[in-house]
Amino acid sequence: MITHGRELTGDTRIDCDVVVVGSGCGGATLAMRLAEEGRDVVVLEQGGHYTSRDFDQREANMLAKIDGGRGLDTSEDGSVSLTYGNNVGGASVHYWADSYRTPPDRLARWAEEFGIEGHDLAALSPHFDRIERDLNVHEADDSYVNEMNRRVLGAARAFGWDVKKVPQARRGCARSGHCMQGCAYDAKQSQLVTHIARADALGARIHSDVRAERLVWEGSRVAALEATVVDRGTQQPRGTLTVRAKQVVVAAGGYGTPTFLLKQGLKERLPHLGEHFFCNPCPMIHAVYDEPIVQWRNIPAAWGVEEFRLARFDGDRYVEGGYLLMPNQLQPAMLAAVLPGAGPAHRALMANLANLGGTIAWIDDAEEGSIRLEGGVRKIHVPLDGLNGQILRDAWIKQCRVLFETGAKELIFGDAADTRITRPDEAEAAVASIDLRPSRNVLAAPHPGGCARMGRDASDSVVGFDHRVHGTDNLYVADPSVFPTAPSVDPSLTIMAFSYVAAAAVDAAL
Ligand SMILES: Cc1cc2nc3c(=O)[nH]c(=O)nc-3n(C[C@H](O)[C@H](O)[C@H](O)COP(=O)(O)OP(=O)(O)OC[C@H]3O[C@@H](n4cnc5c(N)ncnc54)[C@H](O)[C@@H]3O)c2cc1C
């Protein structure tokens, strides 16, 4: 049953086998698996419960409902814009549905460099098989290819780059292009219509508008979890919910989980909590064409350039790569917000919006950031100098190459200096001139994680290979906070597969 906050009044107490904080890819998958094992599961989600009936395809409305911070949150110095979920189903409700398995080279690196056990290719493959079946993951077919994708594919092939169809979690896609506003057709296979729906059908109790606040300890065991029932309209507390569970799982996402655990005062015992943060900062370039592109129709990314997924080095010297490169898709209101300038120049861009295309890259963070609390307020640091900056610049250079090859007449970087170029030979100097200091660029950060990483003990990590927080009897983490690094591809399938492993550990401990 999915219960809204308004249905809870006063102070409620419930008992269960497992309480899960957060209902995104991590929490929903784990809740479903434990419900399948016959466990009594309670899920607490601080955001609202919205369904396809609520998804009106209007950007401002949907940003307010399903985006954490209404899409306006940034890192502490404005280096990156934080994009994350805040609703039943989490970020998957507004994700693009790109569904990559973790590359074997990344799993091997996690095992060799970080000593990760129990999450190798052999362990995860059966979970990937099932997740792909349940989410109808399939290669993007030709009908998914919009004009921007068609052009990026042609350019990448002309350069001889490795470009592949992006696996998609969709069933009966209407090709509306409104993936980021929540799928009004229930075609995108978000957690809302897959794992949440199945957990619900199996008897899990899912509470929206309930924010987990405090763990009550009896020695090293969590005896209870105290939560606030939030009024969705005013965000004011309307009651409390106390859950007594045998096992407690935090799956509040790459931003939410470290914040929640830091608020429990665990940093002293767990020095790695809040460290090793990654978020795949995303540099983009807008491109002006003579012909209509209409980037906001059909799916965002049918084809992806994998040529540069892994960074290449000559000895210690960075050469190139360390990102996925994709066609971009932004809807008109978001374009209005991220396109540079004001007044007549901005108006001219908006008048020509149909002829605007672009690309985006996910940087595989080479340098770690952090999340900490300052006076109880979350502060996120993302380093963009050093190697991350070199990778960013290379991603911009490659985007310039692709976009001119696709026939673009002008490229717009969207930085504070409003850098624009009209010829390929201007790219290098333009990219070198971009100021990477905070608040100078529009970089999204949609794939956070790493702040409760997995390892042997508290000297190198926060959770063990069974996802249990070191030094606790019954507290677990099941989301990308446990990854030792970013997975080098979009993370949703990796998160879900890890949750299968976490669910087995939690189940075994019951
Ligand atoms: C625009 C966009 C596009 C994306 N596209 C793709 C894509 O194509 N492919 C892909 O693989 N990935 C994509 N991602 C990333 C992917 O959606 C996320 O990595 C994934 O959904 C994260 O799952 P999660 O369970 O870790 O966290 P979330 O989905 O963020 O879920 C965590 C939930 O916990 C809740 N929560 C937090 N704190 C509390 C608390 N104290 N009490 C109760 N609840 C709490 C939050 O409200 C949230 O709903 C995209 C992300 C964005 C933003």
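Everything numeric in this text was worked out from a predicted model, so none of it was measured. What's counted below: heavy atoms across the whole structure, side chains too, no hydrogens, waters or symmetry copies. Counting starts at 1 for both ligands and their atoms, in listed order.
Distances from atom 6 (C) of ligand 1 to the heavy atoms of Tyr95, Phe483, Tyr255, Tyr100 show the closest one on Tyr95. Looking at Met180, His207, Gln46, it is Gln46 that brings a heavy atom closest to atom 43 (C) of ligand 1.
Within ligand 1, the atoms closer than 4.0 Å to a non-hydrogen atom of Thr83 are 53 (C), numbered from 1 in the order shown. For ligand 1, the atoms sitting less than 4.0 Å from at least one non-hydrogen atom of Cys25 are 20 (C), 21 (O), 23 (O), 24 (P), 25 (O), numbered in the order shown with element in parentheses. Each of the following atoms of ligand 1 lies closer than 4.0 Å to a heavy atom of Ala251: 32 (C), 34 (O). Those atoms of ligand 1 that come under 4.0 Å of a heavy atom in Asp479, given as number and element, are 26 (O). Counting the atoms of ligand 1 from 1 in the order shown, those under 4.0 Å from a heavy atom of Ala91 are 17 (O), 21 (O), 28 (P), 29 (O). Of all atoms in ligand 1, numbered sequentially from 1 with element shown, those under 4.0 Å from a heavy atom of Ser92 are 17 (O), 21 (O).
Side-chain contact of Ser461 with Arg453: a donor-acceptor pair under 3.5 Å is absent, judged by distance alone.
Each of Gln331, Lys65, Arg58 was scored for a side chain to side chain contact (heavy atoms under 4.5 Å, CB included) with Gln181, with one residue passing: Gln331. Just one of Asp11, Asp231, Asp209 meets the salt bridge (charged side-chain N to carboxylate O under 4.0 Å, His left out) condition when paired with Arg238; it is Asp231.
Between Phe278 and Phe483, the ring planes lie parallel to each other; the angle is under 30°, not in the 30° to 60° tilted range.
With a heavy-atom cut-off of 4.0 Å, Ala97 touches ligand 1 through its backbone alone. Neither the backbone nor the side chain of Gln191 comes within 4.0 Å of ligand 1, counting heavy atoms alone. At a heavy-atom cutoff of 4.0 Å, ligand 1 is contacted by both the backbone and the side chain of Asp98. Residue Val210 touches ligand 1 through its backbone alone, judged by heavy-atom distances below 4.0 Å.
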Which is it for Gln191 and Ser92 under the side-chain hydrogen bond (donor to acceptor under 3.5 Å, both in side chains) test, yes or no, and what are the steps along the way?
CA-CA 6 Å; Gln191 297 300 291; Ser92 74; 4.8 Å; no
Go through the steps to decide whether His119 and His467 satisfy the test ring pair (Phe, Tyr, Trp, His ring centres under 6.0 Å), and finish with yes or no.
CA-CA 11 Å; His119 296 75; His467 291 243; 5.1 Å; yes
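Counting non-hydrogen atoms of neighbouring residues, nucleotides and ligands closer than 6.0 angstrom, the NZ atom of Lys263 reaches no more than 12 such neighbours.
Ion pair Asp134/Arg171 not flagged as a salt bridge, since none of the NZ, NE, NH1 or NH2 atoms sits closer than 4.0 Å to an Asp/Glu carboxylate oxygen.
Taking any N or O of Ser99, backbone or side chain, none lies under 3.5 Å from an N or O belonging to ligand 1.
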